[in-house]
Number of protein chains: 2
Amino acid sequence: MALPTETERAFHAHDHSHCLHEGLARAEELARARGLRLTPVRRRTLEILLREHRALGAYEVLEHLAADGFGRQPPVAYRALDFLVANGFAHRIQRLNAFTACAHPGEDHQAVFLICRECQSVAEAPLDGPRDAVEAASDALGFRLERVSIEALGLCPQCAQAA
Amino acid sequence: MALPTETERAFHAHDHSHCLHEGLARAEELARARGLRLTPVRRRTLEILLREHRALGAYEVLEHLAADGFGRQPPVAYRALDFLVANGFAHRIQRLNAFTACAHPGEDHQAVFLICRECQSVAEAPLDGPRDAVEAASDALGFRLERVSIEALGLCPQCAQAA
DNA sequence: GTTAATATGTTATACTATAACCGTCAAGGA
DNA sequence: TCCTTGACGGTTATAGTATAACATATTAAC
């Protein structure tokens with residue numbers, strides 16, 4: 001078997017510090033290239049998300065931020081998260097009212113999120129077929145498509161094993 | 001051009017009372033066939049959803065129910081909505097924290113929801129391709145897939161025209 | 001260096017959802 | 001028939017999620 005892809009790694013033990021440093025480095029670079037301001041709160045927020053392959057609620061993120069000396073009121077977290085989502089550094093997981101770091105920032109991709117309902121871990125699998133199908137359906141109905149979100153609920157390999 | 005399909009109708013003017021009566025009749029029948037109890041609150045809740053091709057928030061539904069003499073506390077609406085969703089008479093639209101009547105109750109289908117971000121109208125388009133692709137991705141990762149939800153955000157024909 | 005725009009922090013509040021408890025009522029068995 | 005049981009629908013109270021509005025500070029542009 002080949003080396004695990006990034007998506008496969010999400011559901012298995014691996015070197016988190018790699019994800020973290022790699023992810024932050026890519027974000028810094030992208031932000032510079034696009035003239036975005038990756039300020040301390042925003043950077044720290046991304047760091048918090050990267051540290052886990054898991055969806056974190058806004059209030060959970062806020063606790064971390066507050067502990068690190070940033071503001072302790074909801075808008076602090078929501079604003080940083082909104083910035084990250086708007087610029088493709090993170091995604092919102094609708095089903096969980098939660099947020100997760102983007103595995104492929106800057107790549108303009110369509111993805112499906114595989115969400116474990118036991119442990120909240122989230123894997124982001126690139127998947128372009130569905131987007132095309134939805135586009136075709138939209139065109140047929142005169143619907144002006146802007147964004148598609150695909151979320152799959154189930155059990156990750158570990159939790160499936162345990163069950 | 002052929003007669004409009006049910007999905008196409010969703011975004012165009014049409015006889016609502018048809019949707020309403022047809023939808024209620026199908027629900028009654030299904031409930032009887034499956035031994036489900038479509039009680040007055042539940043039936044009325046479905047009626048409220050059917051009356052609009054639009055996602056309604058739970059509190060919005062609650063207002064209608066209260067006006068009709070049913071309970072006026074949130075659990076009344078949430079319980080009825082949960083029943084409808086659990087039994088395939090309605091769907092939850094994650095992105096809007098809202099609910100909409102199912103266009104194809106009892107048919108065991110996968111669908112994509114086309115959500116207008118202006119007027120909240122929702123069309124439910126049957127679409128099986130994506131489900132298969134997600135299944136394939138899940139298998140490859142050892143993820144035990146249970147449910148897939150696909151939501152598309154954009155503008156319905158009317159609102160696109162207006163913009 | 002001044003100005004304008006952006007960002008961060010606050011307080012207060014709105015919106016969404018569920019827990020826990022109680023009375024009612026219908027269905028099935030003694 | 002009567003009793004038990006379980007589902008339903010109503011309540012109060014509270015938990016969880018998100019944003020509006022405003023003040024201060026920082027950054028960028030001129």
Side-chain angles (χ1 to χ4, degrees), chain A residues 27-28 31-49 54-87 89-100 115 117 120 151, chain B residues 27 31-32 34-49 54-87 89-100 115 117 120 151:
Chain A
E28 300 269 17
R32 204 165 338 138
R34 297 188 190 161
L36 299 171
R37 292 167 60 182
L38 193 59
T39 60
V41 216
R42 292 168 175 176
R43 195 190 135 96
R44 181 73 185 107
T45 301
L46 178 57
E47 209 174 329
I48 289 164
L49 293 180
R54 197 167 74 81
L56 295 179
Y59 281 73
E60 214 169 343
V61 169
L62 182 57
E63 277 175 35
H64 286 279
L65 289 174
D68 289 351
F70 294 100
R72 49 185 60 257
Q73 303 304 323
V76 172
Y78 280 103
R79 281 196 288 234
L81 290 166
D82 286 349
F83 169 86
L84 295 176
V85 169
N87 293 289
F89 297 123
H91 297 285
R92 179 187 208 108
I93 307 297
Q94 303 283 349
R95 178 172 290 271
L96 302 176
N97 291 321
F99 302 83
T100 188
I115 307 163
R117 63 172 164 76
Q120 261 76 57
E151 298 182 359
Chain B
R32 204 164 342 143
R34 297 187 190 161
L36 299 171
R37 293 170 59 184
L38 192 58
T39 60
V41 216
R42 291 169 176 175
R43 194 190 135 95
R44 182 73 185 108
T45 300
L46 179 57
E47 208 175 330
I48 290 164
L49 293 180
R54 196 167 75 81
L56 294 180
Y59 282 73
E60 214 170 343
V61 169
L62 182 57
E63 277 176 36
H64 287 279
L65 289 175
D68 289 352
F70 294 100
R72 50 184 60 258
Q73 302 305 324
V76 172
Y78 280 104
R79 281 194 290 233
L81 290 166
D82 287 348
F83 169 86
L84 295 176
V85 170
N87 293 290
F89 297 122
H91 297 285
R92 176 186 211 108
I93 306 297
Q94 302 284 348
R95 177 173 291 271
L96 301 176
N97 292 322
F99 302 83
T100 189
I115 307 163
R117 64 172 163 75
Q120 263 76 59
E151 297 183 358

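All chains are named by letter (A, B, ...) in the order of the sequence lines, taking the proteins before the strands, and each is independently numbered beginning at 1.
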> How many Å lie between CG on A:Leu65 and P on C:dG9, as a whole number?
9 Å
> Rounded to whole Å, please give me the gap between CG in B:Asp82 and P in C:dA17.
10 Å
> Would you mind telling me which of D:dG10, D:dA18, D:dT12 lies closest to the side-chain atoms of B:Val76?
D:dG10
> Tell me which nucleotide among C:dT11, C:dT18, C:dT6 gets nearest to the side chain of A:Arg37.
C:dT6
> Output the rounded distance in Å from CG (B:Leu56) to C1' (C:dT16).
15 Å
> How long is the span from the CZ atom in B:Phe83 to the OG1 atom in B:Thr39, to the nearest 0.5 Å?
7.0 Å
> Any N or O donor-acceptor pair linking the side chain of B:Tyr59 to the base of C:dA17 at under 3.5 Å?
yes
> Across the strands shown, which category fits B:Arg79 at heavy-atom distances under 4.0 angstrom: base, sugar-phosphate, nothing?
base
> Figure out the CG/P separation between A:Leu96 and D:dA18, and round it to whole Å.
11 Å
> Let me know the distance between CD of B:Gln73 and C1' of C:dC21, rounded to the nearest Å.
14 Å
> Restricting to non-hydrogen atoms, name the atom on B:Ala77 and the atom on B:Leu65 that form the minimum distance, rounded to 0.1 Å.
CA-CD1, 4.2 Å
> Please collect all salt bridge (Lys or Arg N to Asp or Glu O under 4.0 Å) contacts where either partner lies in residues 66-86 of chain B, sequence neighbours excluded, each pair once.
B:Arg44-B:Asp68
> Mapping B:Pro40 and A:Gly57 to their closest nucleotides on DNA chain D, which lands nearer the 5' end?
B:Pro40
> Has B:Arg92 got a side-chain N or O lying under 4.0 Å from the OP1 or OP2 atom of C:dA17?
yes
> Nearest 0.5 Å please: distance from the CZ atom of A:Arg54 over to the CD atom of A:Glu60.
4.5 Å
> Of the non-hydrogen atoms in B:Ile48 and B:Val61, which two are nearest, and what is the gap between them?
CD1-O, 4.1 Å
> Are A:Asn97 and D:dA18 close enough that a side-chain N or O sits under 4.0 Å from OP1 or OP2?
yes
> What is the distance from CZ of A:Phe83 to P of D:dA18, rounded to the nearest Å?
20 Å
> Select base, sugar-phosphate, or nothing to describe what B:Phe70 touches, counting heavy atoms under 4.0 Å on all strands.
sugar-phosphate
> How many Å lie between CG on A:Leu81 and P on C:dT8, as a whole number?
12 Å
> Just N and O in the side chain of B:Arg42: are any of them under 4.0 Å from OP1 or OP2 of D:dC8?
yes
> Which nucleotide in the set D:dT19, C:dT16, D:dT11 lies at the smallest distance from any side-chain heavy atom of A:Tyr78?
D:dT19
> Specify the separation, in whole Å, of atom CZ of B:Arg95 and atom P of C:dT16.
16 Å
